[in-house]
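Throughout, a chain's letter reflects where its sequence line sits, starting with A, and its residues are numbered from 1.
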Protein chains: 2
Amino acid sequence: MSQDTQDKSPNRRVTIRDVARLAEVSIGTASKAMNAGGRLRQETRDKVMRVAKEIGYRPNDLAQSLHRARSRTVGILTNDSFGRFSFPIIRALEERLADQGVAVFMCNATDDPARERQHIDQLLGKRIDGLVVTARRSDRRPAILVGGIPVIYVFSQADDPDALCLLPDDEGGAVLASEHLIGLGRTRIAHITGPEHFEAVQLRHRGFKRALERAGLKSDLFLSGPWSEEWGRDAVAKLFDGADAPRPDALFCGNDQIARGAAEALRDRGIAVPRDVAIVGFDNWLVMTEAARPPLTSIDMNLPALGREAGERLLAMISGERETGTRRLPATLVVRQSTVES
Amino acid sequence: MSQDTQDKSPNRRVTIRDVARLAEVSIGTASKAMNAGGRLRQETRDKVMRVAKEIGYRPNDLAQSLHRARSRTVGILTNDSFGRFSFPIIRALEERLADQGVAVFMCNATDDPARERQHIDQLLGKRIDGLVVTARRSDRRPAILVGGIPVIYVFSQADDPDALCLLPDDEGGAVLASEHLIGLGRTRIAHITGPEHFEAVQLRHRGFKRALERAGLKSDLFLSGPWSEEWGRDAVAKLFDGADAPRPDALFCGNDQIARGAAEALRDRGIAVPRDVAIVGFDNWLVMTEAARPPLTSIDMNLPALGREAGERLLAMISGERETGTRRLPATLVVRQSTVES
DNA sequence: GTGAAAGCGCTAACAG
DNA sequence: CTGTTAGCGCTTTCAC
């Protein structure tokens, strides 16, 4: 009845005791054999391993964690109910951590502080080694009080002198977008963006102004509104339907939805994109950028990179390194037909 | 120095021993006091609780799990790199489970069986009480071999006689969509949808045919292509640019992207929606349905409900109930201006 | 009603 | 090199 390797009937009640007994060694020896360390005759080690495999032994992490200081487990907390921004981050983080055998608890806290606290308490009970906080938007949030364990805020930030904040470089991204348009010879560039109370809006605006001023261009075309396609369309109406002022020859939009709305509105008016007006969006959200007519050039915040970095930093912090302050990771320009004729 | 409740310095090295000592009871008594059970004088119980709170005692779940059969932990495995379908499910599942003090490990396995196995092994090591498998698409997948612990496939299915599969009712949703159009008096209804090898495409097609035939209408207008807006536009070109056949007066689209593409293409041709042609999409993906012109009527698969149900069933299975087979949860029609004039 | 003691499954000294 | 032993932090009989 030799069990096939596939059929490792994972009997969940197989303990190291059983392995030891069947391998005819002491339980301590068996333990040593399973873990890499410890001086042991290769022969013994092999025998133990073989038996372990045969009877489908799987070490109990819970029992291990009771000894080692670590549970090899971290928590991630998000308030992004849609997952648009946090999912790519979480995904990359989880991948990075899984590589190191660290598992991730996921918690949704819908901006409800009580629920959040409840989640945190639960995670602390599970003895997580670290905590990652992420969000729907990158604005500052209340710090999370958790004693002693490392905390990282990704796409999110808080006043916590002991925590590390990892953010996309909004300002740099805006500079990238603006310089791309300037490099294309555009001189009347408008910035259509989201609500001004978003920090990201302010930073992107600043980048926009910086780039334009450096190029000797006026940067006074600034329109703030909701983050929607409709607003993109409305903003274009505002900019292009008044016959008076000279019209923009480029739009830098605060996100891809606005950019797409703008592109559609221009299309409706028979204004050619990119010939008459070039458009750059922000987020590089494929469902928007690739479906738009024409497909949109956009700024990618590299959320997965942010997630991976968070994973790496967290591992470092868990091993005792102290990391604090705020770091911004570079964004990237992705060029499509809304700025460059195919 | 009375610590404020907020400042519960969560010293992670406070054990039940400490509580017992300070409360001047035995460690066994302290344990009994913390947990609801056990006969104990109210006075003693109160004293213990008070001390525990004061010194910021937090029971170690890991140690508890070593005794109880349960770890109060489950795993969720997904291959949906974008999170479009799985995130709402995961979110609702997590919420439902968190209510019961069960934490969720999240694992991404990018269709890589080896990685998947690695994740599973890791989860088993952590002694998860149950496993939920979800996916980017609801098609059948290889079963996951995990000995003895409950498994639920949500928005995903597998040949596993011991597992429960929870799916949206694609066929029912299609019937809902079709009957809505029929009820509006439409008689030439086309179905523009995704690749035929998707089970969802086949089921929705079947629902479409069933509803139309029952109403005595012809159901031969069927176009299959990619899941994109572009395909929606192309399909409209196919249906409306040939001058020969009588044109459809309604479109039931396999997803919202196709529906939006179709709406745009009709708009380009000056065909009024919904007056000349009514459109129903599928997924009720707000970024699509609400940004489209006009906003799209759509079928909602109620993914959060699916996630909640999965959570409930999993808890039941963990408590020993046996649940198997496949269950489909109803979809809902959400009416917007693409079928009914505002 | 409360305390003592025996583990849950594993690791880490420390002997031999 | 291998076996023995003392716990990790907690629960749970079983006496008293």
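- Remark: A:Asp112 pairs with no residue by the salt bridge (Lys or Arg N to Asp or Glu O under 4.0 Å) rule, at least two apart or across chains.
- Distance B:Lys47 NZ to C:dT2 C1': 12 Å, rounded to the nearest Å.
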For residues 146-154 of chain B, which side-chain N or O atoms pair as donor and acceptor with protein atoms under 3.5 Å away, sequence neighbours left out?
residue, atom, partner, partner atom, Å
B:Tyr153, OH, B:Ile144, N, 2.9

For nucleotides 10-13 of chain D, which of its nitrogen or oxygen atoms have a protein nitrogen or oxygen under 3.5 Å away, and what is each distance?
residue, atom, partner, partner atom, Å
D:dC10, OP1, B:Tyr57, OH, 2.6
D:dC10, OP1, B:Asn60, N, 3.1
D:dC10, OP2, B:Thr15, OG1, 3.4
D:dC10, OP2, B:Ile16, N, 2.5
D:dC10, O2, B:His67, NE2, 2.5
D:dT11, OP1, B:Asn35, ND2, 3.4
D:dT11, OP1, B:Gln64, OE1, 3.0
D:dT11, OP1, B:Arg68, NH2, 3.3
D:dT11, OP2, B:Ser31, OG, 2.9

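- With sequence neighbours left out, B:Arg41 forms a salt bridge (Lys or Arg N to Asp or Glu O under 4.0 Å) with B:Glu43.
- The CZ atom of A:Arg45 sits 11 Å away from the C1' atom of D:dC1 (whole-angstrom rounding).
- Legend: residues meeting salt bridge (Lys or Arg N to Asp or Glu O under 4.0 Å) with B:Glu309, ordered by chain and number and at least two apart, are B:Arg313, B:Arg327.
- Looking at A:Asp46 and A:Arg50, no side-chain N of the basic residue comes within less than 4.0 Å of a carboxylate O on the acidic one, giving no salt bridge.
- Rounded to an integer number of Å, the gap from CZ of B:Arg70 to P of C:dC8 is 17 Å.
- For A:Ile16, the side-chain contact (heavy atoms from CB on, under 4.5 Å) partners two or more places apart in sequence, or in a different chain, are A:Ile27, A:Ala30, A:Ser31, A:Met34, A:Tyr57.
- In this entry the distance linking CZ of A:Arg21 with P of C:dG9 reads 12 Å, nearest Å.
- No engagement by A:Ser65 is indicated, since no non-hydrogen atom pair under 4.0 Å with the nucleic acid exists.
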